[in-house]
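To start, the structure under review is shown below, and the notes come after it.
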Amino acid sequence: MGSSSVFENVQEVYRRMSHAALRAGRSPEEVKLVAVTKTVSVAWMKVAFDAGLRVFGENRVQEARGKRPALEALIDTGAGPLRIEWHLVGHLQRNKARAAVGLFDLVHSLDSGQLADELNRSAELAAKVQDVLIEVKLSPEETKHGVSRNELADLINTVKSMRHLNVRGLMTVPPFCDDPEEARPYFRELRGLRDEARSEGFDLPELSMGMSQDFEVAIEEGATMVRVGTAIFGERRL
Ligand SMILES: *Cc1c(COP(=O)(O)O)cnc(C)c1O
């Protein structure tokens, strides 16, 4: 894929996002595009940056640890419009919590009380309040991470009591299917869980849901962040 196509893909994804938002009677500004850059080189990330992307999502702490300084060296980052947000969208192991706090503005994958403890402690040491989303597992595949529906309320309560964590919302990864409509019930359920928590007094504004395959459906169902890799950078070679 050439750099002009990455540039065009970004415009095309923004266009589709905005149509989906308008279809649902929402404002396109309510939805943030997180460019998922696992396995994507820093040179391509720079092209995406030049196309206007400012939020990058990585899957692994190790990979981000190398790429963050490398990308920042290519860009004269600082304050204002050049500021990049780094998100961790993949599973986080407890022994990497400290590194994650040093690298990421938002962790999408908080899924246990123990990980919350570890992140809270690390954030305290770093004199930081770490923004997090709670990952909810709504389908039974064993490869999936996330807290179950039944454990969600307890985890929200636990995290809310931690002074160095700020829980901003919920995240989910539905089972992969060819037809994006099959993901719709999962997105709707995540939103329902968020609304339930809200009715109990917990403000959780963010819903991180939707990937290349199904981000338009997710936006129709209320996503405030979509995590898109393939539709921007092409198929990953693993
Ligand atoms: C890889 C990944 C994405 C992006 O997937 P695409 O299908 O390439 O858009 C989104 N979220 C998570 C958690 C991922 O691991």
Side-chain angles (χ1 to χ4, degrees), residues 1 5-17 20 31-42 44-45 47-48 51 53-65 67 85-93 96 100 103-112 115 131-147 168-184 186-187 189-191 206-238:
M1 161 155 331
S5 43
V6 167
F7 206 94
E8 280 158 23
N9 290 347
V10 171
Q11 309 313 318
E12 175 65 8
V13 168
Y14 272 129
R15 193 189 59 78
R16 288 169 57 192
M17 285 173 63
V31 192
K32 182 179 268 190
L33 174 56
V34 180
V36 177
T37 49
K38 60 189 184 220
T39 80
V40 173
S41 73
V42 169
W44 288 120
M45 291 172 73
V47 173
L53 292 181
R54 292 293 180 272
V55 187
F56 292 103
E58 284 287 341
N59 239 31
R60 296 171 61 229
V61 170
Q62 204 59 28
E63 192 175 334
R65 189 155 31 198
K67 285 157 84 178
E85 274 181 43
W86 293 83
H87 291 196
L88 179 67
V89 300
H91 180 63
L92 178 59
Q93 287 169 322
K96 304 254 169 64
L103 280 168
F104 296 106
D105 300 291
L106 179 66
V107 171
H108 289 231
S109 50
L110 177 60
D111 63 356
S112 75
L115 178 58
D131 284 339
V132 297
L133 305 178
I134 294 178
E135 179 171 0
V136 189
K137 177 174 149 138
L138 298 174
S139 62
E141 303 110 292
E142 292 201 0
T143 53
K144 288 264 155 68
H145 295 283
V147 71
R168 304 274 308 142
L170 305 178
M171 180 271 220
T172 199
V173 182
F176 181 85
C177 16
D178 288 324
D179 180 2
E181 282 303 324
E182 287 177 40
R184 190 183 294 277
Y186 296 99
F187 298 147
E189 182 173 7
L190 193 72
R191 184 197 182 131
E206 306 291 351
L207 287 174
S208 166
M209 55 190 198
M211 313 188 353
S212 292
Q213 183 68 11
D214 48 26
F215 66 87
E216 289 154 301
V217 171
I219 290 170
E220 288 168 10
E221 295 300 329
T224 63
M225 294 181 187
V226 293
R227 309 178 308 267
V228 178
T230 309
I232 297 172
F233 299 103
E235 293 292 335
R236 283 178 290 274
R237 279 173 295 161
L238 297 174

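Counting convention: from 1, in listed order, for ligands and their atoms alike.
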Problem - Shortest protein heavy-atom distance from atom 11 (N) of ligand 1, along with the residue and atom involved - result: Arg227 NE, 2.9 Å
Problem - Sub-3.5 Å N/O-N/O distance, Val173 and ligand 1 - result: no
Problem - Side chain Arg227, main chain Ser208, donor-acceptor under 3.5 Å - result: yes
Practice task
Check whether any heavy atom of Lys38 sits under 4.0 Å from an atom of ligand 1.
Solution key: yes
Completion exercise
In ligand 1, the atoms that come under 4.0 Å of a heavy atom of Val228 are 9 (O)
Practice task
Could you check atom 8 (O) of ligand 1 against the protein and tell me its nearest heavy-atom contact, residue, atom and distance included?
Solution key: Thr230 OG1, 2.5 Å
Exercise for the section: For His108 and ligand 1, answer yes if some heavy atom of the residue is under 4.0 Å from a ligand atom, otherwise no. Expected result: no
Fill in the blank from the handout: Among non-hydrogen protein atoms, atom 9 (O) of ligand 1 lies closest to Ser212 OG, 2.5 Å
Problem - Numbering as shown, the atoms of ligand 1 that approach Asn59 to under 4.0 Å (heavy-atom distance) - result: 14 (C), 15 (O)
Practice task
Answer whether the closest heavy-atom distance between the side chains of Val55 and Leu33 falls below 4.5 Å.
Solution key: no
Fill in the blank from the handout: Looking only at non-hydrogen atoms, the one of Met211, Glu135, Glu58, Arg236 nearest atom 10 (C) of ligand 1 is Met211
Exercise for the section: Indicate yes or no: at least one non-hydrogen side-chain atom of Met225 is less than 4.5 angstrom from one of His108. Expected result: yes
Fill in the blank from the handout: atom 13 (C) of ligand 1 sits nearest the protein heavy atom Val89 O, 3.4 Å
Exercise for the section: Would you check if Thr37 and Glu58 make a side-chain contact, meaning some heavy-atom pair closer than 4.5 Å? Expected result: yes
Practice task
Verify the distance criterion only: is there a donor paired with an acceptor across the side chains of Thr230 and Glu235 at less than 3.5 Å?
Solution key: no
Handout entry: Salt-bridge present (Arg16, Glu216; N to O < 4.0 Å)
Key = yes
Practice task
Could you tell me whether Lys32 and Glu206 make a salt bridge, using a distance below 4.0 angstrom between a side-chain N and a carboxylate O?
Solution key: no
